[in-house]
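Lettering follows sequence order; numbering is per chain, from 1.
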Protein chains: 2
Amino acid sequence: MPTASDKPVRSGRPPRLSRAEIIAAAKRIVERDGVEKLTMRLLAREVGSAPMALYHHVRDKRELLLALLDDLAERVPRPELPDDPVERIIAATVAIHDGLLEFPWMVRILAEGDLLSPKALWFPEAVIDAGIRAGLSEGEAVHAYRSVWYFTVGELIVRTAARERVGVPTYQAEVFQELDPRRTPRLAAISDRWLSWQLADTFRPGLRAIVDGLLRAVRGGGCSD
Amino acid sequence: MPTASDKPVRSGRPPRLSRAEIIAAAKRIVERDGVEKLTMRLLAREVGSAPMALYHHVRDKRELLLALLDDLAERVPRPELPDDPVERIIAATVAIHDGLLEFPWMVRILAEGDLLSPKALWFPEAVIDAGIRAGLSEGEAVHAYRSVWYFTVGELIVRTAARERVGVPTYQAEVFQELDPRRTPRLAAISDRWLSWQLADTFRPGLRAIVDGLLRAVRGGGCSD
DNA sequence: ACCTGAACACCGTTCAAGT
DNA sequence: ACCTGAACACCGTTCAAGT
């Protein structure tokens, strides 16, 4: 027996940093300066330590981002879900969408990565459940969920990127001012409104159209009411 | 008169590098090693110059990526477009989708950035034109185009990211092995098939459902045939 | 056990100088 | 005009050492 005590001996230097403190500091940086500023070096400065001290509490940067995601997933309020399949899918997706809209930096990480918070699994569950209850097979329901997720991810990425460009002169604006009406007559006709339409929030009507289309096949041909 | 000749004098050192050569080298790197490896430093090594020599032919890295995009847009074959609005939108979108599928690294740049190749403007033109001819207003047609683009971008980003993870053990797989059937019964029932379904190409049927849904309102309630 | 410092192998870009 | 070299202000992470 190496020690007299039963409980494991906490030998060595007592900790000054904690995982919770590091994650809280990372959240502060992301909310204050944006994700692109979240570096291990700046994070170390924020908690007043050397960069390498962080690696004792967090495996690497990826694991840090995962912890942030988990924290975020907890804060997205889980909505009341209606019984009607179409409304159920829309309610769940809108909740996720609006939750992510507050943290646009997270969307890119979510879309790319193999990241997935166990705390947000109610979302695919709700969509797939609604699909099956509407008459889809398991495979079709998963496919419908994926279509809805693709649309949501695309909307968030493209539109938050556009939002970050308001004010600054853009290359797109330049291209739209030099349109050739013979080659692209439709675009030329609306070129003055293109940029403002780019910013409009059309997520909800678009989502409704998609869900209608996805569930249409099994709903007796009668589309939506 | 400073010189005897009429045409502008090309004084100074003769060029050893050219913009075309730099862009060709960048393409080689991207295709050989992936976009993430495309750095100004490696590119300089590839053309046998100092990094700063590049900046004489290209404003910055962003402009280099734009040149690559333009080059790529030229190579996406422009398809024959059917007359039927639904089929017209699907044909145009599938062409863009499949073109981008060969260059997944470009999708992220396209989605985020203010990038847009004038050579690919036929795509929004075709979709908006089909929408208007199906009876949508200009605003509705633009909105329909955006919905289709969001879906396409989301599908490309999420699925190419998933494709890059085949083989390696993923965090998602881990999460799906520890599902609680009481909390997420639907997911638990399909957990063994989830990962393979994740890789399946369901772009075309999903797109068709979306386009049906988007054009449904103005097509006399009769959905698609 | 917990933390530090120096180092490695990188980035994009500016600036002053050389040919 | 075109190119180079050194430098600036960064990255994530490894490794050996200190307490």
Side-chain angles (χ1 to χ4, degrees), chain A residues 2-5 7-26 29-30 32-68 105 108-109 112-115, chain B residues 2-3 5 7-26 29-30 32-69 105 108-109 112-115:
Chain A
T3 63
S5 162
K7 60 179 177 183
V9 178
R10 306 191 111 303
S11 66
R13 202 208 262 231
R16 201 174 58 69
L17 255 43
S18 73
R19 196 183 147 88
E21 189 194 346
I22 289 169
I23 290 166
I29 291 174
V30 163
R32 195 181 57 209
D33 311 320
V35 227
E36 64 284 354
K37 293 275 184 253
L38 178 60
T39 66
M40 299 304 270
R41 286 158 193 267
L42 178 60
L43 182 53
R45 234 176 296 157
E46 183 86 12
V47 298
S49 77
M52 289 317 298
L54 304 174
Y55 287 83
H56 237 265
H57 303 269
V58 154
R59 183 194 299 270
D60 53 17
K61 194 177 176 180
R62 184 195 148 74
E63 211 224 30
L64 178 71
L65 289 170
L66 190 59
L68 286 174
W105 53 271
R108 291 159 217 187
I109 298 166
E112 305 258 339
D114 166 42
L115 298 175
Chain B
T3 63
S5 162
K7 59 178 179 183
V9 178
R10 307 193 103 307
S11 64
R13 202 207 262 230
R16 200 175 58 70
L17 256 44
S18 72
R19 194 182 148 89
E21 190 194 344
I22 289 170
I23 290 166
I29 291 174
V30 163
R32 196 183 57 211
D33 312 319
V35 227
E36 64 283 353
K37 292 276 183 254
L38 178 61
T39 67
M40 298 305 270
R41 286 159 192 267
L42 178 60
L43 182 54
R45 234 176 295 156
E46 183 86 12
V47 298
S49 76
M52 289 316 299
L54 305 174
Y55 287 83
H56 237 266
H57 304 269
V58 154
R59 184 194 296 272
D60 54 17
K61 194 176 178 183
R62 183 196 150 76
E63 212 224 27
L64 177 72
L65 289 169
L66 190 58
L68 286 174
L69 170 62
W105 53 271
R108 290 159 218 187
I109 298 166
E112 305 257 340
D114 164 42
L115 298 175

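Counting only heavy atoms from C-beta on, B:Arg16 has its side chain closest to D:dT4 among C:dG18, D:dT4, C:dT4.
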Inset, instruction - Summarise how protein sits on nucleotides 10-16 of chain D as a single string, 5' to 3': B when a protein heavy atom is under 4.0 Å from the base, S for sugar-phosphate-only contact, - for no contact. - result: -BBBBB-

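The backbone N or O of B:Arg32 sits nowhere less than 3.5 Å from a side-chain atom of B:Lys37 that would complete a donor-acceptor pair.
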Inset, instruction - Starting from the C-alpha separation in whole Å, work towards a yes-or-no answer on side chain to side chain contact (heavy atoms under 4.5 Å, CB included) for A:Leu38 and A:Leu65. - result: CA-CA 10 Å; A:Leu38 178 60; A:Leu65 289 170; 4.2 Å; yes

Inset, instruction - Any chance you could lay out the side chain to side chain contact (heavy atoms under 4.5 Å, CB included) test for B:Leu68 and B:Val35, step after step, and finish with the verdict? - result: CA-CA 11 Å; B:Leu68 286 174; B:Val35 227; over 6 Å; no

Legend entry - Step-by-step side chain to side chain contact (heavy atoms under 4.5 Å, CB included) determination, B:Leu64 to B:Leu43: CA-CA 11 Å; B:Leu64 177 72; B:Leu43 182 54; 3.6 Å; yes

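With rounding to the nearest 0.5 angstrom, the OG atom of B:Ser49 is 8.0 Å from the NE2 atom of B:His57. Once rounded to the nearest 0.5 Å, the distance linking NZ of B:Lys61 with CE of B:Met40 reads 8.0 Å.
Between D:dC3 and B:His57, a contact under 4.0 Å exists linking OP1 or OP2 to a side-chain N or O.
A distance of about 22 Å separates the P atoms of D:dA9 and C:dC10, rounded to the whole Å.
Between A:Arg41 and A:Glu46 there is no salt bridge, since none of the side-chain N atoms of the basic residue sits less than 4.0 Å from a carboxylate O of the acidic one.
For B:Arg19, the side chain to side chain donor-acceptor pair (under 3.5 Å) partners two or more places apart in sequence, or in a different chain, are B:Glu63.
DNA chain D contains the following stems of three or more consecutive Watson-Crick or G-U pairs, with both distances under 3.5 Å: C:4-8 with D:12-16, C:12-16 with D:4-8.
Taking atom NE2 on A:His56 and atom P on D:dG18, their separation rounds to 16 Å, with Å as the unit. For B:Arg13 and D:dA1, the CZ to P distance is 13 Å, given to the nearest whole Å. In this structure, A:Arg19 atom CZ and C:dC2 atom C1' are separated by 16 Å, rounded to whole Å.
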